Number of protein chains: 2
Amino acid sequence: MASKSRRLPASERRAQLIEVGRSVFAKHGYEGTSVEEIAKRAKVSKPIVYEHFGGKEGLYAVIVDREMDYVERRISEAISSGSPRERVERASLAFLSYVRDHPDGFAVLSQDSPLSSSRGTISSLLNDLAERVGDVFAPALKEAGYDTKAAPIYANALIGMVTFVGTWWTEERKPPIEEVAKHISALAWMGLRHLPKRPTLQRSAD
Amino acid sequence: MASKSRRLPASERRAQLIEVGRSVFAKHGYEGTSVEEIAKRAKVSKPIVYEHFGGKEGLYAVIVDREMDYVERRISEAISSGSPRERVERASLAFLSYVRDHPDGFAVLSQDSPLSSSRGTISSLLNDLAERVGDVFAPALKEAGYDTKAAPIYANALIGMVTFVGTWWTEERKPPIEEVAKHISALAWMGLRHLPKRPTLQRSAD
DNA sequence: CCGTAAGTTACTTATTCGTAGGTTACCAAG
DNA sequence: CTTGGTAACCTACGAATAAGTAACTTACGG
């Protein structure tokens with residue numbers, strides 16, 4: 001049994017609250033979750049949350065920040081080496097792995113944040129991610145002689161592809177993500193025009 | 001002056017409330033909007049909303065239903081004829097036109113609905129749209145000898161592409177959607193592999 | 001055994017859904 | 001013109017939920 005609800009040192013309680021909060025925010029969205037529910041699930045009373053994070057927004061901000069950082073890191077890593085096509089494949093797989101292994105985090109990032117909506121725009125956090133990915137893409141496109149202004153279009157398109165397929169996958173959970181990644185990469189790389197009947201990955205010398 | 005706030009017959013008031021509600025839901029999301037704000041913006045008191053729609057959910061449901069129907073119709077129309085590539089182009093353009101001309105409706109559909117979240121899943125309304133589009137795609141894919149199980153993947157990928165680019169575009173509003181549609185279609189059809197430097201549409205004999 | 005970090009109860013304040021019951025504008029017939 | 005009658009509308013409330021805070025209590029290590 002998960003330790004008889006003893007007292008925890010500050011850092012551990014923080015970590016626990018972040019975990020619990022992520023799970024609850026994932027399920028009910030920002031506006032839909034109450035601080036009290038988070039506290040209850042953590043077997044703790046409300047003021048504890050306020051003590052550690054200053055309130056609902058504070059906790060939410062920390063969770064979002066961590067999650068964004070994590071995904072961005074994984075994707076950056078995935079596209080840091082290899083042939084262009086390999087990078088696409090690795091990035092797809094990396095993102096889908098994230099979706100599979102961190103469903104709560106993914107759900108939080110998929111939802112609309114109160115921060116961006118109060119700041120005028122309505123976009124989800126993942127649009128921000130697309131922006132950063134776009135910054136990585138831009139130089140490569142320019143190098144290849146493409147219009148730089150199109151970079152954000154492609155970045156958003158690619159992130160959107162994988163994101164939408166990701167949320168679909170979380171409901172079905174059926175074809176293993178490796179196979180899903182194959183299809184996505186094939187579509188992104190070859191296009192509908194040259195879609196192979198049975199897509200294969202192309203990772204040279206792992 | 002928008003008519004000195006006189007009394008309106010039921011059907012007109014209904015229409016007005018739908019319009020106002022859509023705008024407010026678009027800005028603050030479902031949970032974030034109060035019935036009172038909708039009433040206030042419609043220069044009317046709260047019980048009127050309850051009288052016409054039975055409550056917040058009722059109004060929301062009507063708005064969502066109409067919007068879904070509208071988009072689905074436009075997309076279906078776009079992909080009802082032409083060569084495969086033309087269909088992709090027309091669909092992209094149709095969707096982006098919707099985004100441009102009905103930003104509020106698009107925002108509502110982009111957000112997470114309380115209906116789907118109470119029904120277990122977290123997906124946005126646009127995932128449902130992808131499902132329907134997938135049903136249209138499936139036969140064509142099967143015809144061409146592809147694995148039917150991959151149809152939803154492609155459908156979601158395509159909808160995701162255009163959706164994400166759409167939300168990005170609503171913030172920037174810069175390249176006219178015709179140009180954006182060109183890029184998207186090129187990516188979807190040719191893939192990153194064969195991306196043209198300056199994409200062009202390919203609508204034969206309109 | 002005592003000081004402090006960790007935690008709790010109980011409250012105030014504010015918002016919002018939803019409704020009960022009364023009021024007023026409009027229209028058509030006398 | 002004036003008088004109903006009805007559709008449209010409003011004020012005012014009840015109940016519930018949630019954010020955030022004040023002031024008190026208790027476990028635990030040195």
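As the structure is a prediction and not an experimental result, all values here were calculated from the model. All chains are named by letter (A, B, ...) in the order of the sequence lines, taking the proteins before the strands, and each is independently numbered beginning at 1.
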Distance check needed: [N] [atom2] versus [X] [atom1], whole Å only.
X: Leu8(A); N: dC28(D); atom1: CG; atom2: P; result: 11 Å
X: Glu36(A); N: dA10(C); atom1: CD; atom2: C1'; result: 12 Å
X: Phe53(B); N: dC9(D); atom1: CZ; atom2: P; result: 12 Å
X: Leu59(B); N: dC17(C); atom1: CG; atom2: C1'; result: 14 Å
X: Glu12(A); N: dG7(C); atom1: CD; atom2: C1'; result: 16 Å
X: Ile48(B); N: dA7(D); atom1: CD1; atom2: C1'; result: 10 Å
X: Arg14(B); N: dC9(D); atom1: CZ; atom2: C1'; result: 17 Å
X: Tyr50(B); N: dG18(C); atom1: OH; atom2: P; result: 4 Å

Would you indicate whether the side-chain heavy atoms of Asp104(A) and Phe25(A) approach each other to under 4.5 Å?
no
Note, Val24(B) side chain near Val20(B) side chain (heavy atom, < 4.5 Å):
yes
Ring centres under 6.0 Å, that's the criterion: do Phe106(A) and His102(A) meet it?
no
Nucleotide of [options] approaching [X] most closely (side-chain heavy atoms):
X: Arg7(A); options: dA25(C), dC17(C), dA5(C); value: dA5(C)
X: Pro47(B); options: dT8(C), dA8(D), dT11(D); value: dT11(D)
X: Val44(B); options: dA8(D), dC17(C), dC10(D); value: dC10(D)

For Lys46(A) and Glu51(B), find the nucleotide of DNA chain D closest to each by heavy atoms; which residue's nucleotide sits nearer the 5' end?
Glu51(B)
Regarding Pro9(A), tell me which of base, sugar-phosphate or nothing describes its non-hydrogen contacts under 4.0 Å with the strands shown.
sugar-phosphate
Within the 4.0 Å heavy-atom criterion, would you say Ser45(B) contacts the bases, only the backbone, or no part of the nucleic acid?
base
Whether the side chain of Arg85(A) engages the backbone of Trp189(A) through a donor-acceptor N/O pair (distance < 3.5 Å, no angle test) should be reported.
no
Quick check on dA7(D): is either OP1 or OP2 less than 4.0 Å from any side-chain nitrogen or oxygen of Arg13(B)?
no
Is it the case that Arg66(A) and Tyr70(A) place a side-chain donor and acceptor less than 3.5 Å from each other?
no
